[in-house]
Amino acid sequence: MTSARSADLVTVGGIEWQLVVGMEVHAQVATRSKMFCACSATYQGFDPNSHVCPVCLGMPGAMPVINQRAVEATIATGLALGCRIPDTAVFARKNYTYPDLPKGYQITQFEYPLCVDGRVDIPLPGGDTGTIRIRRAHLEEDTGKTTHEGGSSLVDLNRAGVPLMEIVTEADITSAEEAYGFLVRLRTILRYLGVNSGDMEKGALRCEPNISVRTAEQAARGAYGTKVEVKNLNSLRAVRAAIAFEHNRQARVLAKGGSIEQVNMGWDESRQITVLQRSKESSDDYRYFPEPDLPPLRISPEDIAHIEAGLPELVQAKEDRYVNDWGVRPAEASLLASERPLATWFEAAVAAWGGEDGKPQTMALWVTTELLALLHRQGEGQDLRQIADIRVQPHQLADLLTALADRQINNNTAKQVLAAMMETGEDPNAIIEREGLALVSDTSMLDAAILEIFEANPDEHARIQAGEMKLLGFFMGQVMKATRGQADPQTARTRLQELLGSGS
Amino acid sequence: MTTSDKSPHLDHDTVRAVADLARLNLTDEEVVRFAGQLGQVLAHAEKLQAVNTADVPPTPYVLSLANVAREDEPAPGLSQEEALANAPEQDRGFFRVKSFFGS
């Protein structure tokens, strides 16, 4: 359980109202075909009702067959969430009448889900860790899309039957920030596993928080307030805002002596408020029963071991390894591990440059600051996964940092070269050589420049000879100017001091 | 078999709720009649409660089949024209149905 330290409280009417949130997350499973038929699972950008067949159209006599990959992806997700995988999973019919599923029922899992009892640990402000327990994760089919137009609805069933994972948490979330943190971490895990794109805007990942508030007195005796479900949340920001809004709204209603109805609310993005969507007059009666067309799934310990062996190193393990083995600071480690392609790029760069002598932290800083700044400038939005497509290869950044460490170039030049590498994909040394960017540490060249500067500035030369050492900065500036910033500062300073000394 | 006293749980409101889920409009007389008939069906099924099933694992599926699955390989289905061929109403490639929420 999370402690109350990060909990959001709203005080209305002298009473503190605690927030309690449980989350239902629907994630489309990244498969090629649908859950129970071989229709293509891609539906966006296609003509309506062009990826359909008798099974997903709900035609009489059509028989569903389970997509093996969707089952494995759900088990992999369960394992990554620390779930137990029961030995039997059973599909069930959830009966309801709505045109988005022409069968009149959705095939889902009810009493026997694929995954139960997991947890997600999330970093909280101040270095604490919060734990959100996962009650279950199961597999079902997505519904079609309906568009309301006048008095009728237009139905496209391309999405009907796309595999959908439902992940349900316990009501462990006590702040809007924690809800945000949970979703970010869950999305990262799903992307690491390659089971879901994580795109909330496109509806591939959907989240429905169940929100209620209660007083400390209610909490002490384990009582909960009436919960409200919020739908239509298309971004992580919207989830956070909707939870904060509902917290305030419910606290106000209750403080005024009102009561909260168990309803579905929708999120109005433009007005940033929740609006009543559907009042539940009677409780839903889905009349679940085992799906007679689908035999149960028996999951053996060998199946589980096989899937577990195929899991990639996950986000928390990577973060810990960067910090503990490589001495990377937590801030950089967390950012680098947040997307798998970014972590892969970083690890390849460390492999090319070396994992010793603080090199990983230097590399981490170059990647998280300079490289990501360039990526943001040329990429679309802030999607860090775009690093997989940049022209700079990890070993080329390692070469650049070697040139910097060897003082062939200075820091500013290195940034300049990296920008050029982003454009052309060339090796840094090729750019340094062609553009003549290497630092001048050839002492004869430097000496000649310095003597010229002495001649051009007789006054200052006389004053520094007389002991006015603060003029050293002026002369360093002149040397850098004369060499177009390419003088190695350390060599230049030494030569300057020696020539001043020998002249006196 | 005598009837309604054996199924006191099947009151008229339950019959109306079940009829509603099945999209059936029942008259009051029919509600009374079906309460009796459905009550008999339930009473018959309740005889199974007498069987001792303590050692029987849950049986969601009666055949001994399990793990019937297919590879994740897409294959073409129906064309849009075929899919919509039996639709009472269609519009720009969509099925058109009466709106559930009014508008």
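Below, chains carry the letters A, B, ... as their sequence lines are ordered, and counting in each starts from 1. Hydrogens, waters and symmetry mates are skipped; everything else that's a heavy atom, side chains included, is used.
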Picking from [options], which has the most non-hydrogen pairs under 4.5 angstrom with chain A?
options: B:A17, B:P74, B:G77; value: B:P74
options: B:N67, B:V62, B:D91, B:N86; value: B:N67
options: B:E81, B:E89, B:R92; value: B:R92

Interface residue of largest heavy-atom contact number with chain B, from [options], under 4.5 Å:
options: A:M59, A:R287, A:E111; answer: A:R287
options: A:I299, A:V71, A:L294, A:T146; answer: A:L294
options: A:E149, A:K34, A:R32; answer: A:R32

Tell me if the aromatic rings of A:F110 and A:F289 count as close, with their centers under 6.0 Å from one another.
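When the ring centroids of A:F110 and A:F289 are compared, they turn out to be at least 6.0 Å apart.
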
A:K94 charged N/C atom sitting above A:Y286 aromatic ring, 6.0 Å / 45°
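Output yes; distance and angle both within limits.
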
Do [X] and [Y] have a side chain donor and acceptor closer than 3.5 Å?
X: A:Q68; Y: B:D72; result: no
X: A:H138; Y: A:E140; result: yes
X: A:S270; Y: A:D268; result: yes

Option among A:T88, A:I75, A:T77 that satisfies the side chain to side chain contact (heavy atoms under 4.5 Å, CB included) test with A:L114
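Considering A:T88, A:I75, A:T77, a side chain to side chain contact (heavy atoms under 4.5 Å, CB included) with A:L114 is found only for A:I75.
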
Using heavy-atom distances under 4.5 Å, tell me whether A:P296 contacts chain B through its side chain, its backbone, both, or neither.
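Looking at A:P296, backbone and side chain both touch chain B.
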
What residues of residues 38-45 of chain A sit under 4.5 Å from chain B when you count only heavy atoms?
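Against chain B, the residues of residues 38-45 of chain A that fall inside the cut-off (heavy atoms, under 4.5 Å) are A:A38, A:C39, A:S40.
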
Relative to chain A, which segment of B:L65 carries a heavy atom at a distance below 4.5 Å: side chain, backbone, both, or neither?
both

Looking only at atom types and distance, does a side-chain atom of A:R159 sit under 3.5 Å from a main-chain N or O of A:T143, one as donor and one as acceptor?
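Yes, because the side chain of A:R159 sits within donor-acceptor range (under 3.5 Å) of the backbone of A:T143.
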
Suppose we screen for side chain to side chain contact (heavy atoms under 4.5 Å, CB included). Which residues come up paired with B:A66, at least two apart in sequence or across chains?
A:R298

Pick out which of A:F36, A:Y112, A:Y105 makes a ring pair (Phe, Tyr, Trp, His ring centres under 6.0 Å) with A:F91.
A:F36

Distance, nearest 0.5 Å, that separates CD of B:Q37 from CD of B:E30
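So the gap between those two atoms works out to 10.5 Å.
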
